[in-house]
Amino acid sequence: MNLAALCRPVTAGLVVCWSTFAGCVYAQSADEHATRHEQPAKELVVFVTTEAHHISSDASAATLNEDAWFAADIVLALTRDRFRLFGEFLLTSEERDLERFQLGYEVVPNTVAWLGRFHQPASAWNTEHHHGRYLQMSITRPAIELWEDQNGIVPQHISGLLVDSRRTLGDLGGLHVSAGAGLGPRIVEGKLDPLDLLDPHEGGRHISWTARVSYLPDYTGASEFGIVLAQHRIPVLDQSIVNFPLANEVRQSVYGAFGLWNQEPWRVVAVVYDINVGLRGPATARDERFVAGYVEAGRHFARGLAAYGRVENSARAFRSAYLSGNYPDVDLRRVMLGLRWDVLPRHALTLEVGRGESVRTHQTEIRLQWSAALP
Amino acid sequence: MAGLRHTFARLGLCVLLGLARPAWAEDRLLLLVAAQSRIEALSSVDVHKLFLGLTVVVNDQRLRPLRNDADELMRQVFFQNVVSMSESVYDRRMLALTLQQGIAAPPVLRTTREVLNALAADPEAVSFAWAADIERDPRVKVLRVLWRR
């Protein structure tokens, strides 16, 4: 983000949009607060984490800012009747980013059409936790779910239209459908570069498609079982794909299945993705396919204690020339164990140890994190 | 003189009984809407959905939940009988609701007086209070008993 970006028309539009909505909300609130407790409703939450860690491999420590020692994720949600405005701004010791900015309209009850930059719904993990790390039981996220600027393999931020719908199904169950389309990322200097709303460079981007369909055994519960799919055409701006310097486009298809099972005191997440990567150039075409997945199981105990473990694995990933050339430090296999202690309401201490294997190296990591949701 | 003393004693007892809050009344938690509201009934499933942040529409009215947090017993009844989960799990669900769906959690009001004023001002608001606290308040109507001892 830079100051010059604030002068751009799109950015100015965002600022005007936000200010107008917020102004209306607060003006209305001030006028009517004495007599009416109706909407607009607003929620401001800041998810804060600080972390100390030791990672045996220098290579990964240099590239993954998942390891930032401090992070504050500022979330603001405003609701007025059927309209919603949502923003998520992430501030860490490594970056400052407007991660999500969405204007929504609830077309029918529990079906919302969103316009803006959103997290693609084909990620089982990120649509559950987003950047709010306090809500994760573990400190780290699975490698296949890493954000683009953390050396992530799969695009996670799209700018366009997202429709999210929950319908009842039978007496107790529900159906959750979420589908989005919009401008996807580019590849610059070998990394995915999603559209930055505060400094937009939309040139050359293609439309990404992404969706999930899931069954909710209990419509009001937190368990969910479903499938996901996504299609991306990612232009390469600077011939920076290692092993394929002539490639000017990467095509990526993701097909996956997931299960989130929450039954106190247990919580289990299991996800598998089948990822197809197609490299396209003027006189070259190569297709690769690999599978990545993980299972994380956790159990809550008395006094706010919880224990968890996660296994991440992949098939054919180590043989992928695309991954070995461009993501040599991303863990393709990893095992970890952790203990979490919810010391106070909305404050937790977590200790995590893990052993991972990337194309380049093996590494052991030990992490200690304080996470909180404020206020 | 003795008769006058008896009269004063009876009068004092009546005043005390009138001021005292009957225990049986306090032991019923009632689901409330404004007296002018068009809502006549609300199922326990809808109440559950409403306080978990889902949109509930009844008679074309989008309902707005207001959480009454006036005392400890009421809080316990809310978590055990209305949303059926522990306070910590509910708090995480509300944080996730904001993060995932951009929805604010139901507002929490600290006194029943605030709740009654809010209900009276908003025909789409839904809340709850002890029976003893809403007696003779014509501004609200009772939809159902949420809990009784």
Side-chain angles (χ1 to χ4, degrees), chain A residues 32-45 47 73 75-79 81-82 84-88 100 102-104 106 108-112 114 118-119 127-132 134-135 164 166 168 171-172 174 178 218-222 262 264-265 300 304 342 345-346 373, chain B residues 34 37 43-58 60-68 82-109 114-127 139:
Chain A
E32 300 185 351
H33 187 264
T35 53
R36 293 172 74 88
H37 287 263
E38 65 169 35
Q39 291 175 344
K42 51 189 174 290
E43 193 80 55
L44 175 66
V45 184
F47 294 94
D73 183 39
V75 172
L76 178 63
L78 299 174
T79 309
D81 294 324
R82 293 174 177 228
R84 294 182 196 172
L85 190 63
F86 179 84
E88 183 175 24
R100 286 189 288 165
Q102 302 169 215
L103 183 62
E106 192 169 11
V108 293
N110 300 305
T111 297
V112 182
W114 294 98
F118 55 87
H119 290 151
T127 48
E128 179 82 2
H129 305 293
H130 299 276
H131 295 271
Y134 167 78
L135 290 174
D164 189 80
R166 285 166 192 260
T168 53
D171 291 339
L172 285 175
S178 192
D218 176 356
Y219 182 67
T220 58
N262 282 283
E264 287 293 321
H300 290 277
D342 282 87
R346 295 192 173 192
Chain B
S37 170
S43 71
S44 57
V45 174
D46 280 341
V47 175
H48 188 67
K49 285 182 190 173
L50 192 62
F51 283 96
L52 283 174
L54 295 163
T55 303
V56 176
V57 177
V58 176
D60 290 330
Q61 287 189 293
R62 297 168 68 83
L63 306 187
R64 277 189 281 275
L66 297 172
R67 219 182 103 193
N68 188 349
V82 178
V83 292
S84 306
M85 60 184 69
S86 69
E87 186 169 357
S88 62
V89 172
Y90 180 76
D91 187 47
R92 290 176 66 87
R93 287 285 296 274
M94 292 301 101
L95 287 172
L97 186 78
T98 302
L99 201 60
Q100 293 166 6
Q101 298 178 47
I103 300 174
V108 181
L109 303 181
E114 281 183 86
V115 168
L116 297 178
N117 290 340
L119 286 174
D122 184 355
E124 295 178 341
V126 178
S127 191
R139 299 176 300 165

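Every chain is numbered from 1, with letters handed out A, B, ... down the list of sequences.
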Relative to chain B, which segment of [X] carries a heavy atom at a distance below 4.5 Å: side chain, backbone, both, or neither?
X	answer
A:Pro109	both
A:Thr111	neither
A:Asn262	neither
A:Val75	side chain
A:Ala373	side chain
A:His129	backbone
A:Tyr134	both

Kindly compute the distance separating [atom1] ([X]) from [atom2] ([Y]), expressed to the nearest 0.5 Å.
X	Y	atom1	atom2	answer
A:His300	B:Ser88	NE2	OG	8.0 Å
B:Leu52	A:Tyr219	CG	OH	11.0 Å
B:Asp46	A:Thr220	CG	OG1	11.0 Å
B:Ile103	A:Leu78	CD1	CG	13.0 Å
A:Asp81	B:Glu124	CG	CD	8.0 Å
A:Arg100	B:Leu99	CZ	CG	5.0 Å

Closest heavy-atom contact between [X] and [Y]?
X	Y	result
A:Ala77	B:Thr98	CB-CG2, 4.0 Å
B:Ala105	A:Glu43	N-OE1, 2.9 Å
A:Arg84	B:Gly102	CD-O, 3.8 Å

Sort out for me which of A:Gln102, A:Glu264, A:Glu88, A:Arg166 touches chain B most, counting heavy-atom pairs under 4.5 Å.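 Heavy-atom pairs under 4.5 Å are most numerous for A:Arg166.
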Which residue pairs pass the salt bridge (charged side-chain N to carboxylate O under 4.0 Å, His left out) test with at least one member in residues 91-103 of chain B, sequence neighbours excluded?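 Passing the test, one end in residues 91-103 of chain B: A:Arg346-B:Asp91.
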Side chain, backbone, both or neither: which part of [X] has an atom under 4.5 Å from a heavy atom of chain A?
X	value
B:Val89	side chain
B:Glu87	neither
B:Ala96	both

For B:Thr55, check side-chain hydrogen bond (donor to acceptor under 3.5 Å, both in side chains) against everything at least two apart and list the hits.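 Once residues adjacent in sequence are excluded, the partners of B:Thr55 under the side-chain hydrogen bond (donor to acceptor under 3.5 Å, both in side chains) criterion are A:Glu106.
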For the pair B:Arg62 (side chain) and A:Arg82 (backbone), establish whether a donor and an acceptor sit closer than 3.5 Å, ignoring hydrogens and angles.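 No.
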Given side chains that start at C-beta, do those of A:Thr168 and B:Lys49 come closer than 4.5 Å, heavy atoms only?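 Counting from C-beta outward, A:Thr168 and B:Lys49 do come under 4.5 Å.
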